[in-house]
Amino acid sequence: MPYRRLTACDLDLISGVAVMSAFPKEDISSIISGALVSVFPQRELLFNEGETAEQFFILLKGQVRLFRVLDDGRVTLFHLVAPGEAFAEAVVLSGQNYPVSAECDAGAEIAVVSRFQLISRLQRDKKLIARMMQALIERERFFFKELNDLRYLSPSQRLANFLLSQRREEVVAKHVIANRIGVTPETFSRALRRLEDEGFIARDPQMSILDYDRLQQFARR
């Protein structure tokens, strides 16, 4: 796998990532000193669920899929990582194993930061710990809900929750929603048809909500 060195543009992007935003900008270079950018010429598995988390990652270019194999054997998408996002930072700090697997698209470029580098910096300045942990707690709450939804909610309920979370003026492509809620296009179509047949949403491109209260009740069953 080819590597390249971090550039000034990379550092600007990294400084806005939640796990790094707790640090003064001038300290970020020292935290990631020696880190290289991994360049993936083809689709490749970055890590497997259950492996020891010794590194966390910041996506600089391309896309990374975080996925899980559920108890019934289904492989489902957990999250699509976009450029400028970090992933696996919370499990690295907690010393846990990776709770999901990660697969990079061809052309992805990822900055890799070791747990040792990050912990060493925090040990030198304990005041940074509280600021970093607050940012990570909010992110962990989001991902805990995502995992819970994947495990316990039906595709139709996941779609209902997604629609309820969106602002009314927003229009999101259906394939993007399918990826976001972790279903195949075929499963998405069936989930959408159910919500339409139940009279929860309109049969229009915006998937307009017709009965907010009933849709909310359905999403929480």
Side-chain angles (χ1 to χ4, degrees), residues 16-19 21 49-50 56 59 63-91 93-94 96-103 105 131-221:
V17 173
V19 71
S21 61
E49 178 182 350
F56 77 93
L59 183 61
Q63 186 172 267
V64 171
R65 281 175 295 281
L66 304 182
F67 64 93
R68 292 196 80 185
V69 180
L70 301 182
D71 295 338
D72 60 6
R74 286 181 296 133
V75 177
T76 187
L77 182 70
F78 173 50
H79 183 61
L80 281 173
V81 183
E85 278 191 82
F87 55 103
E89 68 275 36
V91 291
L93 282 171
S94 63
Q96 299 175 357
N97 296 335
Y98 294 121
V100 295
S101 299
E103 183 182 50
D105 272 356
R131 302 201 331 242
M132 174 177 284
M133 292 309 297
Q134 184 57 45
L136 291 176
I137 285 169
E138 294 303 318
R139 188 164 172 80
E140 279 296 282
R141 284 175 180 161
F142 167 77
F143 280 126
F144 179 81
K145 182 180 183 300
E146 293 288 293
L147 284 172
N148 188 67
D149 287 353
L150 285 175
R151 183 170 294 171
Y152 298 113
L153 298 184
S154 70
S156 295
Q157 288 174 303
R158 282 182 251 163
L159 176 57
N161 275 294
F162 177 87
L163 295 176
L164 289 166
S165 71
Q166 299 303 293
R167 294 193 297 271
R168 296 298 177 89
E169 68 272 14
E170 289 182 333
V171 178
V172 184
K174 292 180 179 179
H175 74 276
V176 173
I177 301 175
N179 280 335
R180 179 66 182 78
I181 66 174
V183 299
T184 65
E186 295 78 13
T187 300
F188 174 83
S189 295
R190 289 193 293 271
L192 177 62
R193 193 177 307 117
R194 181 178 180 187
L195 297 187
E196 292 172 341
D197 291 345
E198 293 282 350
F200 298 143
I201 64 174
R203 298 178 187 271
D204 61 26
Q206 290 77 26
M207 294 173 280
S208 305
I209 298 175
L210 298 176
D211 194 327
Y212 186 92
D213 290 339
R214 286 182 61 226
L215 183 63
Q216 199 169 45
Q217 290 172 2
F218 172 80
R220 292 175 178 173
R221 283 178 192 167

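Please read all numbers here as calculations on a predicted model, not as lab measurements. All values below come from the heavy atoms of this structure, side chains included, with hydrogens, waters and symmetry mates left out.
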Using 0.5 Å steps for rounding, measure from the [atom1] atom of [X] to the [atom2] atom of [Y].
| X | Y | atom1 | atom2 | value |
| --- | --- | --- | --- | --- |
| Phe188 | Ile177 | CZ | CD1 | 4.5 Å |
| Arg194 | Gln157 | CZ | CD | 7.5 Å |
| Ile201 | Ile209 | CD1 | CD1 | 8.0 Å |
| Asp213 | Gln216 | CG | CD | 6.5 Å |
| Arg214 | Leu195 | CZ | CG | 10.5 Å |

What do the steps show when you test Leu192 against Lys174 for side-chain contact (heavy atoms from CB on, under 4.5 Å), and what is the final call? CA-CA 10 Å; Leu192 177 62; Lys174 292 180 179 179; 3.7 Å; yes
List for me each residue that meets side-chain hydrogen bond (donor to acceptor under 3.5 Å, both in side chains) alongside [X], sequence neighbours excluded, and say none if there are none.
| X | value |
| --- | --- |
| Ser101 | none |
| Glu49 | Arg68 |
| Arg203 | Glu196, Asp197 |
| Arg65 | Glu103, Asp105 |

Does some side-chain heavy atom of Val17 sit less than 4.5 Å from a side-chain heavy atom of Glu89? no
Taking side-chain contact (heavy atoms from CB on, under 4.5 Å) as the definition, give me every residue that meets it alongside [X], ordered by chain and number, with sequence neighbours left out.
| X | result |
| --- | --- |
| Asn97 | Thr52 |
| Ser189 | Arg193 |
| Gln96 | Val91, Ser94 |

If you draw a 6.0 Å radius around CZ in Arg220, do more than 12 non-hydrogen atoms from other residues or ligands fall strictly inside? no
Shortest non-hydrogen contact between [X] and [Y], atoms and distance:
| X | Y | value |
| --- | --- | --- |
| Ala102 | Val64 | CB-CG1, 4.1 Å |
| Ala160 | Leu215 | CB-CD1, 3.5 Å |
| Leu164 | Ala219 | CD1-CB, 4.0 Å |

Which residues share a ring-ring contact (aromatic ring centres under 6.0 Å, His included) with Phe200, sequence neighbours left out: Phe218
For Phe67, all residues meeting ring-ring contact (aromatic ring centres under 6.0 Å, His included), sequence neighbours excluded: none
